[in-house]
Every structure is written in structure tokens, then in C-alpha cells.
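Letters A, B, ... mirror the listed sequences (proteins, then strands); counts begin at 1. Computed from a predicted structure; not experimentally measured.
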Protein chains: 2
Amino acid sequence: MTVFLVGAGPGDPDLLTVKAARLLQRADVVVHDALVDDRILDLVPRTARLIDVGKRPGARIEQASINSTLIDLSSQYACIVRLKGGDPYVFGRGGEEAQALLAVGAEVEVVPGVSSAFAAAAAVGIPVTHRGVSPAVTVVTGHRRDGEVEVDWVSLAKAGSTLVVLMGVAERESIAVGLLAGGLSPDLPVAIVERATRPDQTVVRGRLGDLSRLPANPPAVIVIGAVAALDTACYLPTALQRCCTELAQP
Amino acid sequence: MTVFLVGAGPGDPDLLTVKAARLLQRADVVVHDALVDDRILDLVPRTARLIDVGKRPGARIEQASINSTLIDLSSQYACIVRLKGGDPYVFGRGGEEAQALLAVGAEVEVVPGVSSAFAAAAAVGIPVTHRGVSPAVTVVTGHRRDGEVEVDWVSLAKAGSTLVVLMGVAERESIAVGLLAGGLSPDLPVAIVERATRPDQTVVRGRLGDLSRLPANPPAVIVIGAVAALDTACYLPTALQRCCTELAQP
């Protein structure tokens, strides 16, 4: 009856919203991406159906096929959760799925999640905005998709906001070329965060001029801007909680 | 002992993270902003101290004074929650508070929250990015603060990303002037969202050329870009849940 487009957040199950956690526990069927952490899927009761529609290299699932699956399920179940990494309306193609469902008269609601773009930076102590350093933050995809508007890296460089690039590992050389052409300094700090908020998260810090040579494996979040040199308070994955131990488990 | 810089999300208590909800229930003291919903503060046990440091017109509390309060509390209590609307590292000045605390040797952790910038748009059915419409989103403050870097609205306009302006109601005329000077069309869709994800949320839609004349009261989130004309699935505040009623309460 109702399809909930739900954000799973950046990784740590504790960064699910209260509403997302409740929906997962009550769902009849959960349709999820590859980026969703197994510990989050463990919240789904065994009586519910789990459908993996993750887009992986070599086993590509078309968006149209995901839309059809959701439409089919919307007439079969009372509570359908479409679970996406991060936030469903920030590069999650949630808008497209919502439109496809609304077009056939299905009921759809969106449940925002913690965006991986901001949380990946926070996880390693980087505030994406900071007074006197950056008055704006731009989140952009580095992945070139069919039908996507081309990103104007030169203009983005001139705007001077912190840049957070999602899905940009493979394209990081051309991204750096565009940003340098737009006037950004090769000395501008950058950080590449992998598996953010998970117990095995990593960060590599460097400079924009070296971005293409920094080690990185997708999926990763790339932060570009003066804030990337900041090293303030981090997120501590609950699995590694160092203090207030009693807070770690309910 | 530990100060947790915690995001309260956009308003609805159900959009707290699981970790934020747990910390509020176990905190010894909660230091909160004016933007945090009363229903969220109701989660704090009566035995805990609640300290309101909300910055309101006419009763201004300086940031330095908030930092001092947090430093004092960090030596008095085991679990201190500094609760901020939205996400603490997205225009929340969380980075500054973290730096002040780390400078005196206090333990600090950040707990990301659902950003009001993205959730306010989602709440009224606007995905901030959408394939074929916008490949990027920029979140920017419209509020001019001491020590803040000036926002280059002309360059932002040229970058072509969706713009989400926080704290921009009072400055919306000059923002529109800058964006129009940067080449954006006066016909570009805009939306002004107030009290997002709360039962009394409102949205006004219009065009960039009319932005200064659209009714708006702070705090509001202004979305500027072609996506602002989209009307896909909304967030439904739990208080108004129309279906799956059994999901509304645990």
C-alpha cells in the first residue's frame, strides 16, 4: 500500500533515524542498495522479504527495472521499504522512483536520512562549513550517468564553497583538472574518506594537486576545500565507543 | 567527561538518529538551541539539566559564552549533550565548539544529524538533486555574520547547482539580486519551507524574480533551482501519519 523511500544514513546503524529503524522492524518487504550495511539489514525481521537491487559492476540492474519492482510490490504488500544509502533525495535517484510510483497511483512517502556527504566529513573531524573558512558547501556527483546534466567544475571552483564529491574516485583526475582550471590552488586541502562511520573507516588527506595520485577505492567521499585540513571532533562508531560505555547499547 | 555535539534533525522527533535519541535519554545535561522542537526536549529525563542557549533577537547569547558553558560542564558531568538543529557541522558552528573544547583537553564527539537543508526540501516533495535536472546542490547561509567569508552569489549562480539557503529570509532580496546578476533566470522556480517536518509545516512556491515579495518568516529554508518545481513524494510528519497507522507509535 505505501512505499517508504528511506535513507539508511552513512553506515553505522546508530545513524539510522528513529523512523527508519521502526519501519525496518515493521516492513513486509525491504528493497535495498548495495551500499547499505549488513548490520542495518539485520534489523529486518526474518519474516520479511529482502530484495537486493544494488548496482554493482558486472551485474548491472537498470533503474527502470527497480522502478517496476517497486510498482509490483506496492500492490502486493502493506508496508514496502525502499532503503537507500545516505539520503534518498541526495543522489539516491529517490525522486525518480517516487515519480514512477506516483504515476501509477501508489502511495509514497520519503523519510530523509543522514547524508553520507556531510557525515563522511564529520566522521573524520571535518565540518563542511566553518566560520571564517567556508560559508557554503556543494555536494556533487563525480559519476557520469546517461541523461545527467554535465557538472561545470570550473564554475564550481570559482564559487569557493567546500566541495563534497560522491562517486568521484574514478573521475578524480579530471575533476582536479577542472577545479585547477577554475582557479583553485593545487595546495588546497583534500580528504578521501572510505567506509565512513564504520569501524574500519579510513581517511587519506592531501592536496588538490595530488588528488589523482592519492590512494582511493570506491565508494569514497572526497572533501575538497580549506575545511579538509581541520581536525576537530570526530564521530565514533558505536562499535568502537571509548567512553560512556553504557551508552553504547540500549 | 564527554561532550556529544548532536544533530537534532529538522524538527520531527522521529528524524532524530537512534544514537541521538539514546544520548538524550541518558544525558546528565543538555545544552540546546532555540530551533530544537519541544517534543525532542521531552525525551530528556527530568533528572537531567536543560540549558537553553538559543540565540534569539533581543536576547543575544555570544558564541564565546556558549563555548565557556560547555567547557565548564565538561568537567562537572559524565555525559553532556550539546543539541543543535539539523546537523552540528552544517552551519551549526559545531566545529568552533569542538575546537574550543579540544583546546582545553575535553573529550568531544560529533553525532551527525539529518540536515534541515535537505530534509526541508524533501518534506515538501523536492529532491535537491534529480537526474537530468540538477547534478549538484549547494547549501549556503544567507545570514551575514562577523568573521564570515562573503558568499559570492554571482559565481554560485554560474555553477548551476540547486541552491538551498539557510537563514536567508531577511536577505532574500539581495540574494535574488546577486543570483540574477549571475545569470539565473527570474523564472527559475523557488520554494520557501517553514517548520519543515512539523505538523504545521508550510511551503510557498514561486519564481526567483518574485523571491523578495513571497511571504516568509524566519527560520525558513529557501530552495532555488529547477528542482523546486518538482512535486514528488513528501515526508509525512509522524503526528499526521495517514496510513500504516500502527507504524506511528512503537
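Of the two parts of B/Q25, neither the backbone nor the side chain holds a non-hydrogen atom closer than 4.5 Å to a non-hydrogen atom of chain A. With a threshold of 4.5 angstrom between heavy atoms, B/L230 approaches chain A through side-chain atoms but not through N, CA, C or O. Residue B/A21 touches chain A through its side chain alone, counting heavy-atom pairs closer than 4.5 Å. With a 4.5 Å cut-off on non-hydrogen atoms, B/L156 touches chain A through its backbone and its side chain both. At a 4.5 Å heavy-atom cutoff, A/L163 makes no contact with chain B through either its backbone or its side chain. Heavy atoms closer than 4.5 Å to chain B are found in the backbone of A/S134, but not in its side chain.
Between B/V128 and A/V90 the shortest side-chain heavy-atom distance falls below 4.5 Å. Side-chain contact check for B/K158 versus A/K158: every heavy-atom pair is 4.5 Å or farther apart. Within the 4.5 Å cutoff, no side-chain heavy atoms of B/T129 are placed close to those of A/T141. Within the 4.5 Å cutoff, the side chain of B/T138 has no heavy atoms near those of the A/V140 side chain.
Most heavy-atom pairs under 4.5 Å with chain B, from the set A/P135, A/P127, A/A20, A/G9: that is A/P135. When B/G125, B/S161, B/C234, B/G94 are compared by the number of non-hydrogen pairs under 4.5 Å with chain A, B/C234 comes out ahead. Each of B/L16, B/D152, B/V3, B/L102 has some count of heavy-atom pairs under 4.5 Å with chain A, and the biggest count is that of B/L16. For the options A/A123, A/G113, A/G7, A/G92, heavy-atom pairs under 4.5 Å to chain B are most numerous at A/G113. Ranked by non-hydrogen atom pairs under 4.5 Å with chain A, the options B/T197, B/L166, B/V137 are led by B/V137.
Remark: B/D231 pairs with B/R205 by the salt bridge (Lys or Arg N to Asp or Glu O under 4.0 Å) rule, at least two apart or across chains. Residues satisfying the side chain to side chain donor-acceptor pair (under 3.5 Å) criterion with B/S75, sequence neighbours excluded, are absent altogether.
Between A/G95 and B/H130, the shortest heavy-atom distance links the atoms C-CE1, 3.4 Å. Pairing each heavy atom of A/V18 with each of B/T17, the nearest pair is CG2-O, 4.1 Å. Across all their heavy atoms, A/A122 and B/V110 have their closest contact at O-CG1, 3.6 Å. The minimum heavy-atom distance between A/Y89 and B/A233, with the atom names listed, is OH-O, 2.7 Å.
How far CD of B/E97 is from OG1 of A/T232: 11.0 Å, rounded to the nearest 0.5 Å.
Classification of B/D12 and A/K19 as a salt-bridged pair fails, no side-chain N sitting under 4.0 Å from a carboxylate O.
Screening A/P88, A/P112, A/S115 for a side-chain contact (heavy atoms from CB on, under 4.5 Å) with B/F118, the sole residue that qualifies is A/S115.
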